[in-house]
Amino acid sequence: MPEGHTIRHCAQEHARLLVGQHLGVTSPQGRFPDAALVDGGLLVGTDAWGKHLFHEYEGERFVHVHLGIYGTFTTHPLPPPQPRPTTRMRIVGDEVAIDLVGPNTCELVDTAGRDAVFARLGPDPLRTDADPDRAWRALQRRRIPIGQALLDQTVIAGVGNVYRAEALWTHRISPLRPSNELTREEFDTLWMELTELLHKGVREQRISTRNVYKADDCPECDTPIRRWDLAGRWAYACPSCQPR
DNA sequence: TGGGCATGCGCAA
DNA sequence: TGCGCCTGCCCAT
């Protein structure tokens, strides 16, 4: 269930369980042949930016993972069960094994490759070095529905469909409002809301609020929630609380 | 048993 | 703008 909070949690957990160890890295499915190039390597750190995760091995080698919509990591105590036929990557440490299934991306990159990923991502509210001004300026430069902009990872990194729906509903902003018509105050509120929701998601390992996302009626005014296709993704909003 | 769907994204047209 | 892809699960048949 990957929005940014899931990836941040993986980075933290993998760091806690595996950093400082030489890892057995394999690809039972065979679709990550470069696993052999880091097999036995020392894991020196992990990092997350938006929905992108990096495992850094000694020698400036990074395994870049993007879970897409289906991807999952599973942690097993040793000895781990037989891998599934679809296990893209298995990492075996001193005390646990971690399996990766169904990712959009699992590739080996160098520092330049990692930086190239970072370069095309907007600020991630979960990162302490995040610069919300960059997101603000990106919204000003464009005139697209704010609901569409929030899912654009070059604007803000880590927000997915659920956090978008919940944050806009909480602050009574229609997903259809043009991005450059938000006031600075509204943007600041939205940024803070997303930051809090993401942090809460990391802590609780799930998205807890369910106000409009897939809801039938608005918890505030009982108006039926409207669902429509916004640039290829389902948008949810209360037509009464979030007027255009 | 099989179709549809899912918190995503890149690419062709 | 629409489609394909990565996988698992739920629900209808």
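Below, read A as the first sequence line, B as the second, and so on, with proteins coming before strands; counting in each chain starts at 1.
- Closest to the A:Lys51 side chain, of the nucleotides B:dC9, C:dT7, B:dG10, is B:dC9.
- Looking at heavy atoms from C-beta onward, A:Pro125 lies in side-chain contact with A:Ile156 at the 4.5 angstrom threshold.
- Inspection of the A:Thr111 and A:Glu60 side chains reveals an N or O donor paired with an N or O acceptor under 3.5 Å.
- Annotation: C:dC5 and B:dA13 have their P atoms spaced 14 Å apart (nearest Å).
- If you take OH of A:Tyr70 and P of B:dG4, they are 14 Å apart, rounded to a whole angstrom.
- Rounding to whole angstrom units, CZ of residue A:Arg164 and C1' of B:dA6 are separated by 14 Å.
- Side chain of A:Arg84, nearest nucleotide from C:dC6, C:dG8, B:dC9: C:dG8.
- With B:dC9, B:dA6, C:dT7 as the candidates, the nucleotide lying closest to the side chain of A:His66 is B:dC9.
- Across the protein-nucleic acid pair, A:Ile69 atom CD1 and C:dC3 atom C1' stand 14 Å apart, rounded to whole Å.
- Straight-line distance from the CZ atom of A:Arg227 to the P atom of B:dA6: 6 Å, rounded to whole Å.
- Atom pair A:Glu107:CD and C:dC6:P shows a separation of 16 Å (rounding to whole Å applied).
- The cationic group of A:Arg114 does not satisfy the cation-pi geometry with A:Tyr57, failing either the under 6.0 Å distance to the six-membered ring centre or the 45° limit from the ring axis.
- Base engagement by A:Asn104 is indicated by at least one non-hydrogen atom pair under 4.0 Å involving a base atom.
- Spacing between atom CD of A:Gln29 and atom P of C:dC5 amounts to 15 Å, rounded to whole angstrom units.
- A:Asp188 has a carboxylate O that lies under 4.0 Å from a charged side-chain N of A:Arg184, or vice versa, which qualifies the two as a salt bridge.
- Taking atom P on both C:dC6 and B:dT1, the two are 24 Å apart, rounded to the nearest angstrom.
- Atom CG in A:Leu230 sits roughly 15 Å away from atom C1' in C:dG2 (whole-Å rounding).
- Atom-to-atom, NE2 of A:His64 to C1' of B:dC9 comes out at 11 Å; the value is rounded to the nearest Å.
- Nucleic acid contact class of A:Arg206 (heavy atoms, under 4.0 Å, all strands): none.
- Rounded to the nearest Å, the gap between the P atom of B:dG10 and that of C:dG8 is 23 Å.
- For the OP1/OP2 pair of B:dC9 and a distance below 4.0 Å, the side-chain nitrogens and oxygens of A:Thr105 include no atom meeting the criterion.
- Regarding contacts with the backbone of B:dA6, a side-chain N or O of A:Trp234 is found under 4.0 angstrom from either OP1 or OP2.
- When distances run from any side-chain atom of A:Arg88 to the nucleotides B:dC9, C:dT7, B:dA6, the shortest one goes to C:dT7.
- For A:Val101, the side-chain atoms get nearest to C:dT7 when compared with the rest of B:dA6, C:dT7, B:dG10.
- Under the side-chain hydrogen bond (donor to acceptor under 3.5 Å, both in side chains) rule, A:Arg90 has a single partner from A:Thr26, A:Thr74, A:Asp99, which is A:Asp99.
- Across all strands shown, A:Arg31 has heavy atoms under 4.0 Å from sugar-phosphate atoms exclusively, and none from any base.
- Proximity of the aromatic rings of A:Tyr163 and A:His5 is defined here by a centroid distance below 6.0 angstrom, and this criterion is met.
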